[in-house]
Structure formats: C-alpha cells, structure tokens
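Written out below as structure tokens is the structure these notes cover.
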Amino acid sequence: FKPPHNSYVWALAEGGVPLLLAFLALFALLWRRLGQLCVAYARHDVLPNFPHWLRVYTVLLLFFSFFADVWIEEHLFLLIGATMLMDHWRRAAADPSPATA
C-alpha cells in the first residue's frame, strides 16, 4: 500500500467528502484572514509584505498539493500558526488595555 501523492485524493480516501470539505473550508477561512491582514499590515514598519508572502505560500501549497501529500506535513501548521500570530499582534496593537499577569 502506498498513499496517493495528492493531498486532495488523500483527504478523499482517508475521510471522504467531509474531510476534503473541512480542508477546503480551512483554506478558504485562511485566505480570508490573510486578506484582512494584508490590509491591516499595509503600513506596518517591519512586516508590511509578510501577509502577502503568506498568501503566495498558500497558493504554492495548494498547487503542490496536487503532486504531493503536503497537508500532513508541517507546512500547514506553520502557515496557520503564522497567520494566528499576526492576527494576535494586530488585535493586541488595536486594544491598548493593560496585560494581566
């Protein structure tokens, strides 16, 4: 037995249509959140282009998912983690309330 070298087929084979739809919904939400971050970080001093780079990375990940089973590797976790961290920084900068210990 060898797994398919296609993340889409792999998701269909392992979890059926619900798993594939869950992955596609995750990528759609990630794409939308990165679009919001592109606007929020447009005038940032240090990271103005990082959300754009993450969008390019998402497109490349989805493209190469047709040729390899990359959804089970660390790329997806790093992409989601970087997006969550940037969103956290954006919200923390907008909310000047003091931090609790």
Closest contact, heavy atoms only, Pro48 versus Pro51
O-CD, 4.0 Å
Are any non-hydrogen side-chain atoms of Leu12 and Val17 less than 4.5 angstrom apart?
yes
Tell me whether Trp10 shares a hydrophobic cluster with Leu62, the cluster being built from Ile, Leu, Val, Met, Phe, Trp, Tyr side chains joined at under 4.5 Å.
yes
Between atom CZ of Phe27 and atom OG of Ser65, what is the distance when rounded to the nearest 0.5 Å?
6.0 Å
Atom CG of Asp87 and atom CZ of Arg33: how far apart are they, to the nearest 0.5 Å?
4.5 Å
Do Thr58 and Trp31 have a side chain donor and acceptor closer than 3.5 Å?
no
With rounding to the nearest 0.5 angstrom, report the CD1 to CG distance, Ile80 to Leu30.
6.0 Å
Check against ring-ring contact (aromatic ring centres under 6.0 Å, His included), Tyr57 and Trp53:
CA-CA 6 Å; Tyr57 188 62; Trp53 181 83; 5.3 Å; yes
Is there a path from Leu24 to Phe64 through hydrophobic residues (I, L, V, M, F, W, Y) whose side chains come within less than 4.5 Å of each other?
yes
To the nearest 0.5 Å, how far apart are CG in Leu61 and CG in Leu54?
11.5 Å
Determine, using the 4.5 Å side-chain heavy-atom cutoff (strictly less than), whether Phe23 and Phe67 are members of one ILVMFWY cluster.
yes
Would you indicate whether the side-chain heavy atoms of Trp71 and Tyr8 approach each other to under 4.5 Å?
yes
To the nearest 0.5 Å, how far apart are CG in Leu47 and CG in Leu37?
11.0 Å
For His52, is there any backbone N or O sitting under 3.5 Å from a side-chain donor or acceptor partner on Tyr41?
no
Does Ser7 use its side chain to pair, donor to acceptor, with the backbone of Ala68 at less than 3.5 Å?
yes
Same cluster (ILVMFWY, side-chain, under 4.5 Å), Leu85 and Leu26:
yes
Let me check something: do Leu34 and Leu29 share a hydrophobic cluster, defined by ILVMFWY side-chain heavy atoms less than 4.5 Å apart, either directly or through other members?
no
For the residue pair Leu78 and His75, establish whether any side-chain heavy-atom pair is separated by less than 4.5 Å.
no
How many angstroms lie between atom CZ of Arg55 and atom CG of Asn49, to the nearest 0.5 angstrom?
13.5 Å
